[in-house]
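These notes concern the structure reproduced below.
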Amino acid sequence: MSISNDFYPNASLPLERKESGVPYVRPGLHVESYNDFDPLRHVIVGIADNQHIPEACPASNEKIPADSPMRGSKAGRRTQESIDRANECLNGFAQILENRGIIVDRPGAVDWHNSINTPDFSISSGFGCMPPRDCLLTMGKSMLMAPMSFRSRYFEYLAYTDLLREYFESDQQCMIEQAPRPRLSDDSFRMDYVAAYEYLSDEETMARSLNKEYSTRETDILFDAADVMRLGKDIFVQHGLTTNLAGIHWIKRKYEPMGYRIHTLSFADNHPIHIDATFCPLRPGLMLLNPHRPLFAGQREIFEKNDWQIVEAVKPAWDNPPPLCYSSTWLSMNTLIIDHQTVCVEASEKAQMEQFDKLGFNVIPVDLRDAYAFGGGLHCATADVWREGKCEDYFPNQFSGSHNISHWEY
């Protein structure tokens, strides 16, 4: 399934293999990460090679605005000009990280032009692998491939399998895992909800979101890794369009026996997709909150009881996202923390950079806006392999129901 040709100039090269077929070991390679702010030492940065705009599916329908040219006739390969420009941004970002001594890997080549056909659905193409954060969840010494809900992303994990195999061979404590594969049949979604979406007003979609009526049903176990926020012993998972309760229960059953505490979070957001442009940890004791997506009542309690400061993000620099972009203007707060004092911010977001400066951060501007349409911002475009630091307890003051899903959800 992996290929190498002119369409994939930025993909990682096929791994050199021994005669036995086992990948070469990279001496000193280390897999471990428990949060998004400890010193970053090894990361995967996505690529835009040969990315496609897939046709809409029941899960993606709500993420594509009703008046967007991405609907229907726009399905197909993105223009070479836009791909080249996005890769220029991503390669520049990778170089900034490498110049700071951070190891950077890139996804492998997979032909996103191929249609995807399973016994339960068919879709005309794949998506791409600019945002590895959606697909890969690093929890301690484990790297987990998430069961994503978009049909076009069903085989996206293939872009990372060679790298993950190499990590497994190189770090004898590393575990590579795959969450249960979803079927993504029509039974997995509220098809009537999907059909009605483009005719609903913002008020109607918000009412549905506040009632936690999302396009996904509970038929499959579904979650995107970008809906999971890791804070040492405490894991916060957003319930929304890309993560259902079955997915949260699966995360709870898997990780709580390991000593983690699982919490759900919900926000007043009519399109709750991914937590990393809504509620972002900056360093121990400090959170950045999207002011247009407030936490539901009671969900601030665990942060307040543990003396965490919640700061509202400043207004984005732009009134609209770039052309053919799935994400909102709030990618302004989708940043990459390098360590407790250093943060990468998109270069055009001057006000956001100033806010970080006032919060005591050294700010690294990164030109990435022209890659936004390929899957998100600086945090989206990366996946942790190794951050220094151990699994800390940032929330020692727990309370009755604080990690009970029903306490948070209803």
Side-chain angles (χ1 to χ4, degrees), residues 35-40 43 45-46 85-86 88-90 92-97 99-100 102 130-131 133-134 226-227 229 231 236 238 265 267-269 271-295 300 303 308-323 325-384:
N35 55 56
D36 284 322
F37 44 64
D38 278 346
L40 183 63
V43 70
V45 174
R85 176 62 186 134
E88 183 181 351
C89 293
L90 291 162
F93 182 28
Q95 189 62 59
I96 288 172
L97 298 176
N99 289 344
R100 298 185 68 89
I102 297 167
M130 178 275 193
R133 187 74 61 172
D134 298 359
D227 278 321
M229 182 174 70
L231 284 169
F236 297 84
Q238 178 179 235
L265 289 176
F267 303 86
D269 179 6
H271 304 293
I273 297 176
H274 302 166
I275 200 170
D276 55 358
T278 297
F279 200 44
C280 307
L282 304 182
R283 59 177 173 245
L286 182 62
M287 298 293 301
L288 190 66
L289 174 65
N290 187 321
H292 288 193
R293 303 170 190 168
L295 276 167
R300 298 175 72 104
F303 298 94
W308 280 70
Q309 180 185 7
I310 298 176
V311 177
E312 290 191 350
V314 296
K315 185 179 184 293
W318 301 84
D319 293 328
N320 295 292
C325 180
Y326 292 90
S327 305
S328 77
T329 58
W330 288 100
L331 286 179
S332 57
M333 57 182 290
N334 189 270
T335 61
L336 182 70
I337 307 292
I338 301 298
D339 55 44
H340 295 189
Q341 288 83 38
T342 313
V343 59
C344 294
V345 181
E346 208 290 316
S348 66
E349 296 293 343
K350 305 299 184 185
Q352 188 60 73
M353 287 192 279
E354 290 174 3
Q355 182 180 37
F356 276 115
D357 181 69
K358 292 175 182 177
L359 290 170
F361 283 90
N362 299 313
V363 178
I364 303 171
V366 179
D367 179 13
L368 202 80
R369 182 173 166 80
D370 287 340
Y372 277 6
F374 289 73
L378 295 159
H379 191 257
C380 303
T382 60
D384 291 5

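In this chain, residues are counted from 1 in sequence order.
- Considering OG of S332 and NZ of K315, their distance stands at 9.5 Å, rounded to 0.5 Å.
- In this structure, the side chain of R133 does not engage the main chain of A381 through any donor-acceptor pair within 3.5 Å.
- Taking the centre of each ring, Y326 and F374 stay at or above the 6.0 Å mark.
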Test F303 against I310 for side chain to side chain contact (heavy atoms under 4.5 Å, CB included), laying out the working first.
CA-CA 8 Å; F303 298 94; I310 298 176; 4.1 Å; yes
Does the side chain to side chain contact (heavy atoms under 4.5 Å, CB included) test come out yes or no for F37 and D339, once each step is laid out?
CA-CA 5 Å; F37 44 64; D339 55 44; over 6 Å; no
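- Atom CG of L97 sits about 6.5 Å away from atom CG of L336, to the nearest 0.5 Å.
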Please determine whether side-chain hydrogen bond (donor to acceptor under 3.5 Å, both in side chains) holds for the pair H379 and N334, giving the CA-CA distance in whole Å, both sets of side-chain angles, and the decisive distance to 0.1 Å.
CA-CA 6 Å; H379 191 257; N334 189 270; 4.5 Å; no
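- Taking every heavy atom of both residues into account, G375 and P131 meet most closely at O-CB, 3.6 Å.
- The side-chain contact (heavy atoms from CB on, under 4.5 Å) search around S328 returns R293, W330, not counting sequence neighbours.
- Residues D367 and F93 fail the side-chain proximity criterion, which asks for heavy atoms closer than 4.5 Å.
- Atoms CD1 and SG, on I338 and C344 in that order, are 4.0 Å from each other to the nearest 0.5 Å.
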Can you check side chain to side chain contact (heavy atoms under 4.5 Å, CB included) on D36 and D384, steps first, answer last?
CA-CA 8 Å; D36 284 322; D384 291 5; 3.8 Å; yes
Trace of the side chain to side chain contact (heavy atoms under 4.5 Å, CB included) decision for T335 with M333:
CA-CA 6 Å; T335 61; M333 57 182 290; 5.5 Å; no
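- L331 and G377 get closest at one heavy-atom pair: CD2-N, 3.6 Å.
- If you check the side chains of H274 and D227, you find no donor sitting under 3.5 Å from an acceptor.
- In this structure, NZ on K358 lies 13.5 Å from CE on M353, to the nearest 0.5 angstrom.
- Taking the side chain as every heavy atom from C-beta outward, I364 and T342 approach each other to under 4.5 Å.
- Using a distance-only test at 3.5 Å, with no hydrogens or angles considered, a donor-acceptor pair links the side chain of Q355 to the main chain of E312.
- The distance from atom CG of L378 to atom CD1 of I96, rounded to the nearest 0.5 Å, is 9.0 Å.
- In terms of heavy-atom proximity, P281 sits nearest to L231 at CB-CD2, 3.6 Å.
- Between L368 and G376 the shortest heavy-atom distance is CD2-O, 4.3 Å.
- Side-chain N or O atoms of N290 include one that pairs as donor or acceptor with a backbone N or O of A277 at under 3.5 Å.
- Side chains of F356 and L282 form a contact here, defined as non-hydrogen atoms less than 4.5 Å apart.
- Of the possible polar contacts, one joining the E346 side chain to the R369 backbone as a donor-acceptor pair under 3.5 Å is found.
- Going from atom CG of L265 over to atom CZ of F236 covers 6.0 Å, rounded to the nearest 0.5 Å.
- Here the side chains of D357 and N362 are not in contact, with every heavy-atom distance at 4.5 Å or above.
- Under the side-chain contact (heavy atoms from CB on, under 4.5 Å) criterion, Q309 pairs with L286, V311, sequence neighbours left out.
- Shortest non-hydrogen contact noted between V43 and I102 is CG1-CG2, 4.0 Å.
- Using a 4.5 Å cut-off on side-chain heavy atoms (C-beta onward), P316 and E349 make contact.
- With contacts defined as side-chain heavy-atom distances shorter than 4.5 Å, the pair Y372/S327 does not qualify.
- For the pair L289 and R300, the minimum side-chain heavy-atom distance is below 4.5 Å.
- Taking the ring centre of F361 as origin, the terminal cationic atom of R283 falls inside the region bounded by 6.0 Å and 45° from the ring axis.
- Contact detail for A317 and S348: the closest heavy-atom pair is CB-O, 3.5 Å.
- Using modelled atom types, one finds a donor on one side chain and an acceptor on the other under 3.5 Å when comparing H340 with D38.
- Contact annotation: the side chain of V345 never approaches that of P365 to less than 4.5 Å [non-hydrogen atoms, C-beta and beyond].
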